[in-house]
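Everything on this sheet refers to the single structure shown next.
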Amino acid sequence: QVPLKPGRSLMDWIRLTKSGKDLTGLKGRLMEVTEDELAKHNKKEDCWICIRGFVYNVTPYMEYHPGGEDELMKAAGTDGTDLFDQVHRWVNYESMLKECLVGRMAVKPTAAPKGEDFKKEIISIISLSCFHITSFSKTGEGLQLFSSVISAQFFCQICLASVSYDWFQTDSLIVIVIYTKQKDMIAELVIVDCEDKRLRGEIIVGDHSYLIEVDLDHAVQEDLAVNVAEKVGKVEIILKKKDNIHWKMLGQPSERHNTFIKCTDRGLFYRKCKLVSKTEVTHDTKLFCLMLPKSTHLRIPTGQHVYLKQIIAGTEVVKPYTPVLPFLPLDFKEPSCSADGHIYLMIKIYSCGLFTEALDHLQIGDYIYVSNPEGNFKTSQVQTLEDLFLLAAGTGFTPMVKLLNSALSTVSHLRTVKLIFFNKTEDDILWRNQLEQLALKDERFEVQFILSQPTEDWVGKQGKISSSLLSEFVKRSRKDSNVLICICGPTPFTEQGVQYLKDLGYSQEEIHAFTA
Ligand code: FAD
Ligand code: NAD
């Protein structure tokens, strides 16, 4: 993120897009854009970018881009889809840039694919379980390549793609059975939504996503159930028929139905959740409790975040937030159950914050859109740990909540969990009481508060993240102990922290930085 000039916030951008000004310079006309035409618009004062086949004139957006003009210019005059996906695929550019739409990319006539392109094509065909290979194998070279692709390194892709489903019915139930063949399948990897007869079931298998999406033949009741046979990787989605009639078919499949693709290629899915409570945590931070629809099965894995979506001044705005628990459990005899159909979010309300101010105005009973979870933290990173260090700044505390709980309740060899919590003032410390209680109750847990703007009467540590602070507080409990250091906060905090830790000799594998 770069500092934006006054008058260049997201709200200012939304206002400009609503002003009726011609932002494309085409007076509302849409055109078909060739690659040559796109390439001509590669300057700051005339910049077009293609995202997923649509071309936008982003020249007027330059000064409003939170990542800065230089970042945007990296894609000037080209297809910026990959770059966009790497940095913020969750940003709803269609809505944000709709007034900048120039048109679609012109479709290029396709030549028979060769060499590397051919390999890529085959892999995508395999991973989509579509075996229309013959149409691509007209050349001898193609056929030869195909057999080597199948036989060697891409065999695993075929195995993964062999996720399949079946369904059956009783008088009162519809049961959809998905065979993932994934041995460690768990309920967190299954996300099911059913609204207005449209059933959507997404199963995460490694870094791939398998999707069932059909418009059901008949109506079903609101509550659905999901069963997972963990050892064999079998998932059952159980729907209750509204009327006890015989179904001739499951329903009409959508074009995405029965596809198996990379998670990053699957668009984010949102469902509407009801705000059921809003409680103060500190002077500027609140705990929001959202209730999932009865017809949704969704559990957010430790270390992952969701996206909230609101329509602000007619534009869809999306921001990431990390679910927490309703409170810090103090007893770790058994893992606490967080699958009660509610999502808890600890959110700091910024004065003039576009999204958080709108969020703060939501009334109990209002609805907000919540996405499927995302994030690259792997719970397996924790299972064999002996020492866990959590470096959190401000609301960067949020991913630490579930992590702390999961480590203390499930990791058998865990010796120490140390939270080093950076805040501006004492009043900003989130859940201070609960953290101190936990430290008293569980001898494995220790918390250290460090303030950057303390009042005179603060007797604790002060300062910002530094090499000396980290060398004082981050120490293995024994030589060569298995350690993980997690870090989350404002971007400069996280970046500096990671660098200091590396300088102190911690390896890449021993550090996890939470980012978008
Ligand atoms: P904006 O309108 O974007 O900004 C208004 C002003 O607020 C800015 O000028 C600045 O002074 C201040 N501000 C805004 N954003 C930030 C920021 N990120 N850092 C420092 N100052 C800022 N926030 C939570 O409160 N709880 C969470 O659980 C949480 N989880 C997140 C998870 C991820 C993966 C990421 C990337 C961010 C998370 N955030 C979280 C931050 C959140 O996504 C928003 O950035 C934040 O709520 C501000 O949004 P806004 O639209 O209100 O502010
Ligand atoms: P804040 O402004 O209240 O600052 C808290 C502490 O962070 C400060 O006391 C200081 O010690 C440190 N800090 C702040 N700016 C710093 C800088 N430039 N260099 C070094 N240290 C600095 O924090 P906040 O308003 O609560 O912001 C929390 C941040 O955490 C936000 O940027 C948010 O986006 C981020 N966050 C990220 C995730 C994620 O998963 N990536 C999750 C939650 C929050």
Side-chain angles (χ1 to χ4, degrees), residues 1-6 8-14 64-67 87-88 90-91 281-288 290 300 302-310 312-313 315 317-325 343-361 370-371 373-377 390-403 420-430 448-454 458 461-467 469-470 486-500 512-516:
Q1 295 232 333
V2 298
L4 298 172
K5 288 186 200 154
R8 293 292 180 270
S9 71
L10 180 54
M11 193 63 219
D12 294 313
W13 170 251
I14 293 174
Y64 296 81
H65 183 230
V87 186
H88 34 218
W90 47 275
V91 170
V281 177
T282 64
H283 62 104
D284 61 5
T285 303
K286 291 183 181 168
L287 188 68
F288 291 80
L290 303 175
I300 292 135
T302 297
Q304 298 208 358
H305 51 268
V306 292
Y307 296 95
L308 297 188
K309 182 165 80 179
Q310 300 184 89
I312 302 175
T315 298
V317 184
V318 174
K319 293 267 162 123
Y321 294 95
T322 316
V324 295
L325 300 169
I343 294 178
Y344 293 87
L345 296 161
M346 196 187 268
I347 298 181
K348 177 163 169 175
I349 313 297
Y350 291 92
S351 65
C352 302
L354 178 68
F355 199 87
T356 50
E357 286 211 325
L359 202 58
D360 200 27
H361 283 116
V370 179
S371 79
E374 260 198 1
N376 55 8
F377 185 79
L390 308 172
L391 312 181
T395 57
F397 171 59
T398 51
M400 310 307 179
V401 173
K402 282 191 180 185
L403 187 49
I420 301 141
F421 197 179
F422 296 80
N423 283 282
K424 287 193 199 128
T425 70
E426 263 185 286
D427 292 343
D428 296 321
I429 303 175
L430 304 165
Q448 182 72 49
F449 300 115
I450 301 180
L451 301 183
S452 59
Q453 296 166 25
W458 173 250
K461 273 270 164 198
Q462 47 180 292
K464 282 195 174 179
I465 196 160
S466 67
S467 190
L469 265 177
L470 293 186
C486 294
I487 180 160
C488 187
T491 307
F493 168 88
T494 307
E495 285 173 354
Q496 288 164 32
V498 169
Q499 193 52 54
Y500 294 139
H512 179 86
F514 288 96
T515 52

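Each ligand, and each atom within it, is numbered from 1 in the order the structure gives.
Residues I349 and T285 have side chains not in contact (no heavy-atom distance under 4.5 Å, counting atoms from C-beta outward). You'll find the side chain of I300 reaches within 4.5 Å of the side chain of K402, heavy atoms only. The shortest side-chain heavy-atom distance between S9 and L354 does not fall under the 4.5 Å cut-off. Between D12 and L4 there is no side-chain heavy-atom pair separated by less than 4.5 Å.
A distance of 5.5 Å separates CG of L391 from CD1 of I465, quoted to the nearest 0.5 Å.
The protein does not reach atom 18 (N) of ligand 1 closely, with no heavy atom under 4.0 angstrom from it. Taking a distance limit of 4.0 Å, we find that atom 21 (N) of ligand 1 is approached by some protein heavy atom. Remark: atom 10 (C) of ligand 1 lies closer than 4.0 Å to no protein heavy atom.
Listed by number with element, the atoms of ligand 1 under 4.0 angstrom from any heavy atom of H305 are 34 (C). Within the listing of ligand 1, atoms 25 (O) sit less than 4.0 angstrom from a heavy atom of K348.
No N or O atom of I347 sits closer than 3.5 Å to an N or O atom of ligand 1. The shortest N/O to N/O separation between Y321 and ligand 1 falls below 3.5 Å. Remark: ligand 1 and T398 share an N or O pair separated by less than 3.5 Å (distance only, no angle test). Between S351 and ligand 1, not a single N/O pair is under 3.5 Å apart. Here's the thing with K319: one of its N/O atoms is less than 3.5 angstrom from an N/O atom of ligand 1.
Checked options Y500, F422, F421; the residue passing with F493 is F422 (criterion: ring-ring contact (aromatic ring centres under 6.0 Å, His included)).
Taking every heavy atom of both residues into account, M11 and I312 meet most closely at SD-CG2, 4.3 Å.
Near ligand 2, residues T322, K348, Y350, A393, G394, T395, G396, T398, F422, N423, K424, S452, K464, C488, G489, P490, P492, F493, Q496, F514, T515 come within 4.0 angstrom through at least one heavy atom.
Residues that satisfy the salt bridge (charged side-chain N to carboxylate O under 4.0 Å, His left out) test with D427, not counting sequence neighbours, are absent from this structure. The salt bridge (charged side-chain N to carboxylate O under 4.0 Å, His left out) test applied to K464 returns no partner, not counting sequence neighbours. Scored by the ring pair (Phe, Tyr, Trp, His ring centres under 6.0 Å) test, F514 finds F377, H512 as partners (sequence neighbours excluded).
More than 12 non-hydrogen atoms from other residues, nucleotides or ligands lie less than 6.0 angstrom from NE2 of H283.
Judged by the shortest distance from any of its heavy atoms, T515 lies inside the 4.0 Å radius around the atoms of ligand 1. For the pair C352 and ligand 1, a heavy-atom separation below 4.0 Å is found.
Contacts of P490 with ligand 1, taken as heavy-atom pairs under 4.0 Å, are absent altogether. Within the 4.0 Å heavy-atom criterion, both parts of L354, backbone and side chain, lie near ligand 1. Looking at M11 against ligand 1, nothing comes within 4.0 Å, counting heavy atoms. The residue L359 has no part lying near ligand 1, judged by heavy-atom distances below 4.0 Å.
A donor-acceptor contact shorter than 3.5 Å links the side chain of T356 to the backbone of Y350. In this structure, the side chain of Q453 does not engage the main chain of T425 through any donor-acceptor pair within 3.5 Å. Remark: the backbone N or O of L469 is not paired with any side-chain donor or acceptor of K461 at under 3.5 angstrom.
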